[in-house]
Number of protein chains: 2
Amino acid sequence: MLNFSTSEENYIKTIFHLQNGQNTVTTNELAERLRTKPASVTDMMKKLKAKKLLHYQPYQGFRLTNEGKKVALDIIRRHRLWEFFLAEKLKFKWDEVHVVAEDLEHVSSRKLIDKLDEYLGYPKFDPHGDPIPDSLGKMENSEQVSLVELPLNKPAEVCRVVNQSEEMLELLQHKKINIGTRLEVKRKFGFDHSIEIKLRQSKRTPSEQPPFSISEQLAKNIFVNL
Amino acid sequence: MLNFSTSEENYIKTIFHLQNGQNTVTTNELAERLRTKPASVTDMMKKLKAKKLLHYQPYQGFRLTNEGKKVALDIIRRHRLWEFFLAEKLKFKWDEVHVVAEDLEHVSSRKLIDKLDEYLGYPKFDPHGDPIPDSLGKMENSEQVSLVELPLNKPAEVCRVVNQSEEMLELLQHKKINIGTRLEVKRKFGFDHSIEIKLRQSKRTPSEQPPFSISEQLAKNIFVNL
DNA sequence: TTAATTTTTTAGATTTGTCTAAAATTTAAT
DNA sequence: ATTAAATTTTAGACAAATCTAAAAAATTAA
Ligand SMILES: [Mn+2]
Ligand SMILES: [Mn+2]
Ligand SMILES: [Mn+2]
Ligand SMILES: [Mn+2]
């Protein structure tokens, strides 16, 4: 696989996330996400098209080619492996890993990443519960539902947190919810769609805890395995 | 400490290595080492001078300021810590670590490096035996031997002069021996333990010079890097 | 179905880092 | 002390990535 600039990699990765399967991505959308200007996006789209990473006709939006998706998965693999390393080995907090991984992901030695993967024991998920692509670009996609859709009293395990902002993670830490936390939904309130949940006992919470409630906004961002 | 570009960091680091204490570094020397052109070096020297990292007057060569040295030591710290990590944890071979560390060294999160250092157990030397600066820039002195112990015909570079009296310096100047002078020992005389040495050609002594001898007393005070 | 609005692209500039070729300066040789 | 040679700097150009302002195209509204 060819080598791409940091800037190209950031565009490719972001398009992959925005298109999320088959969506067509628009210029403004991408510009906003990358905190750049539409004119800059257009320039880069021409370049990526020339490199055959992108399907693009002027004014028609764009989608990654299969080759483009492969490149994107490789960058995502690097990003998530570093996040895992930072959290697991260097004891970074949940909300600190992302910014550092944004830099580390652009160090593109194939051997480095494969050896890192091996050293970490081939982890399947990053600290936010997002799946880590293997060296061939394959990753787990388990059945996941948000807390909003989880039936009452059905035990489940938190596997993924979609919004990874510092504020979100601060809130989760305060509520003692982590990836791997087991819980069940006890009630749903129609008025504001808030949800009452109860954590199951664990290493961290050895004594029985009372149920507490979380907002709909938070619940929508927390995903569990059934 | 401010943030510098990858290119600026590579220049700073290379100047640090070339000046090795107090040598003045020349444009051609630096261009060759960085595999770039003298004109590019001059451009960058202006920029680094403007940032107060460099002492530089046109045509007079350059040396890092104290601030510049601090920056250099920080880059070297990053480089060597990553080399240690790659060799020790990821089981890279001795000769593979350098190129990868050349990229990793430019990821400049302070917290990342300090946590990495802690995780690695505060190693003192990288896999090549070069000392790793601590978070304050301090490092262990490298392997040094006095001229008395230096094997015959082994090229070495003067790195330290222990006795700094006026008489000592007068003698050294007369013999054209400075920090950074490269030389080798040609003979050792048993009678008075005097030593015959030969200076290697340099900017200051571009033509081949005949060997000359120095006393044991003097030789004991001159240290070289192997 | 025109007109207004939004989106996207182009044109032209800017910054960083690089280059070649020519001029300026320093150093070495005659 | 001149002259010759080497070193260093300047001048001008270029590629990558970005920006602003203006033009073009697509979308939405009247
Ligand atoms: Mn992330
Ligand atoms: Mn990135
Ligand atoms: Mn190295
Ligand atoms: Mn480097």
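The analysis underlying the following values was restricted to heavy atoms, covering all of them including side chains, and did not include hydrogens, waters or symmetry mates. Chain A is the first sequence line, chain B the second, and so forth, proteins listed ahead of strands; every chain is numbered from 1.
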Check your understanding: Tell me: CG of B:Leu48 to C1' of C:dT16, nearest whole Å?
Key -> 13 Å
Point to revise | Residues in ring-ring contact (aromatic ring centres under 6.0 Å, His included) contact with A:His98, at least two apart in sequence or another chain | key: A:His79
**Study point:** For A:His17, all residues meeting ring-ring contact (aromatic ring centres under 6.0 Å, His included), sequence neighbours excluded
**Key:** none
Review point. Heavy-atom contacts under 4.0 Å between residues 29-46 of chain A and DNA chain C, which residues?
Key: A:Pro38, A:Ala39, A:Thr42, A:Lys46
Review point. Does a nitrogen or oxygen in the side chain of B:Tyr56 sit under 4.0 Å from OP1 or OP2 of D:dT8?
Key: no
Point to revise | salt bridge (charged side-chain N to carboxylate O under 4.0 Å, His left out) partners for A:Lys111, two or more places apart | key: B:Glu96
Pairs under 3.5 angstrom, nitrogen or oxygen only, protein versus nucleotides 22-26 of chain C, please.
from: C:dT25; atom 1: O4'; to: B:Tyr59; atom 2: OH; distance (Å): 3.4

Review point. Heavy-atom contacts under 4.0 Å between residues 6-28 of chain A and DNA chain C, which residues?
Key: A:Thr26, A:Thr27, A:Asn28
Practice item. Could you name each residue pair satisfying ring pair (Phe, Tyr, Trp, His ring centres under 6.0 Å) that touches residues 26-53 of chain B, not counting sequence neighbours? Key: none
Review point. Restricting to pairs with a member in residues 48-62 of chain A, which pass side chain to side chain donor-acceptor pair (under 3.5 Å), not counting sequence neighbours?
Key: A:Glu8-A:Lys51
Practice item. Examine A:Lys89 relative to A:Tyr119 and say whether NZ or CZ is less than 6.0 Å from the centre of the six-membered ring and inside a 45° cone about the ring axis. Key: yes
Check your understanding: Residues in side chain to side chain contact (heavy atoms under 4.5 Å, CB included) with A:Leu18, at least two apart?
Key -> A:Thr14, A:Val25, A:Glu29, A:Leu30, A:Arg33
Practice item. Using the test side chain to side chain contact (heavy atoms under 4.5 Å, CB included), find all partners of B:Pro38 that sit at least two apart in sequence or belong to another chain. Key: B:Thr27, B:Asn28, B:Ala31
Exercise for review: Sequence neighbours left out, what passes side chain to side chain contact (heavy atoms under 4.5 Å, CB included) with B:Leu152? Give chain and number order.
Suggested key: B:Val185, B:Lys188
Check your understanding: Looking at residues at least two apart in the chain, or sitting in another chain, which of them share a salt bridge (charged side-chain N to carboxylate O under 4.0 Å, His left out) with B:Lys124?
Key -> none
